[in-house]
Amino acid sequence: MTGDGPEVAAPQTGGLEEEQSETEAEKPMVLIVEDNEELRHNLVRFFENYFRVAEAEDGEDGLAKARSLNPDVIISDVMMPGMDGTEMCRRIKSDISLSHIPVILLTALSTSESKIAGLNANADDYVTKPFESAVLLARVDNLIRNRNMLRRQFGGKPVDDIN
């Protein structure tokens, strides 16, 4: 995150303005998986202004919390001890009960190879550090709104019943 902390105004998107009138329980949930305690804390403080937020300190904890909480979006660092973010993303996207959850990978690695590795793990987005909080917020908001539009369009029917 750029700047000294999460002191960034929300982007002027219709989705976020509408969401602010929701009760806390109705807000979408974002799971933040980051091993750097300071960055994780800053991300939590920033996103809790707009969403319900859960946090995990590594990929194993993130995968467990994804299973128990079923968040609307997961934001994960790539390089973490133990299970890294790419492996966690791969496991989430290969699990039928979790594969619908959008995953945004954060990394300091900006090489094409590292981006391709993240996208090959089926990440929905890939953001390099440092990043602007408002841009990350807009990406999260877009993913949530797009998923909600798909749910409305398909009316909650199982995929095999659509044809």
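Distance alone, capped at 3.5 Å, is enough to place a donor-acceptor pair between the Arg52 side chain and the Lys27 backbone. Asp35 places no side-chain N or O within donor-acceptor distance of the main-chain N or O of Glu57, the cut-off being under 3.5 Å. In this structure, Lys65 contributes its side chain and Ala54 its backbone to no donor-acceptor pair below 3.5 Å. Checked by atom type and distance alone, the side chain of Asp124 pairs as donor or acceptor with a backbone atom of Val103 at under 3.5 Å. Glu132 contributes no side-chain N or O that, together with a main-chain N or O of Ala134, makes up a donor-acceptor pair within less than 3.5 Å. Side-chain atoms of Lys93 never come within 3.5 Å of backbone atoms of Leu98 as a donor-acceptor pair (strictly under, hydrogens ignored).
Between the CG atom of Asp58 and the CE atom of Met83 there is a distance of 8.0 Å, given to the nearest 0.5 Å. Of the inter-residue distances, the one linking His41 atom NE2 with Ile32 atom CD1 reads 11.0 Å to the nearest 0.5 angstrom.
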* Evaluation steps, side chain to side chain contact (heavy atoms under 4.5 Å, CB included), between Phe47 and Val140 -> CA-CA 10 Å; Phe47 279 103; Val140 169; 4.0 Å; yes
Evaluate Ile104 against Ile74 for side chain to side chain contact (heavy atoms under 4.5 Å, CB included), listing each step before the verdict. CA-CA 6 Å; Ile104 299 174; Ile74 298 170; over 6 Å; no
Stepwise side chain to side chain contact (heavy atoms under 4.5 Å, CB included) check, Val33 with Asp61: CA-CA 8 Å; Val33 185; Asp61 188 28; over 6 Å; no
| said: Assess the residue pair Ser76 and Glu34 against the criterion (side chain to side chain contact (heavy atoms under 4.5 Å, CB included)); give the C-alpha distance rounded to whole Å, side-chain angles, the decisive distance to 0.1 Å, and a yes or no. | reply: CA-CA 6 Å; Ser76 177; Glu34 170 63 62; over 6 Å; no
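Taking 4.5 Å as the limit, every side-chain heavy atom of Val127 sits out of range of all side-chain heavy atoms of Leu105. Contact annotation: the side chain of Met29 approaches that of Leu69 to within less than 4.5 Å [non-hydrogen atoms, C-beta and beyond]. Contact annotation: the side chain of Thr107 approaches that of Tyr126 to within less than 4.5 Å [non-hydrogen atoms, C-beta and beyond]. You'll find the side chain of Ile75 reaches within 4.5 Å of the side chain of Val30, heavy atoms only. Considering only heavy atoms from C-beta on, Phe46 stays 4.5 Å or farther from Leu136 through its side chain. In this structure, Leu31 and Glu55 have side chains that are not in contact, with every pair of non-hydrogen atoms separated by 4.5 Å or more. Annotation: side chain of Ile101 is in contact with side chain of Pro71 (closest heavy-atom distance under 4.5 Å). Between Phe51 and Ile144, the closest side-chain pair of non-hydrogen atoms falls below 4.5 Å.
In this structure Arg91 satisfies the side chain to side chain donor-acceptor pair (under 3.5 Å) test together with Glu87, sequence neighbours excluded.
The hydrophobic cluster containing Ile116 does not contain Met88, counting ILVMFWY residues as joined when their side-chain heavy atoms lie under 4.5 angstrom apart, directly or transitively.
Here side chain to side chain donor-acceptor pair (under 3.5 Å) pairs that include residues 96-105, with residues two or more places apart or in two chains, are Asn70-His100, Asp95-Ser97.
Using a cut-off of 4.0 Å between Lys/Arg side-chain N and Asp/Glu carboxylate O, Lys129 and Asp77 are scored as salt-bridged.
Side chain to side chain, Asn148 and Arg151 meet the donor-acceptor criterion of an N or O pair below 3.5 Å. For Asn142 and Arg139, the side-chain atoms include no donor-acceptor pair closer than 3.5 Å.
Considering every non-hydrogen atom in both Cys89 and Ala121, the closest pair reads SG-O, 3.3 Å. Here the closest non-hydrogen pair linking Ala117 and Thr86 is O-CG2, 3.9 Å. Residue Arg147 comes nearest to Pro102 through the heavy atom pair NE-CG, 3.5 Å, listed as atom of the first residue, atom of the second, then distance.
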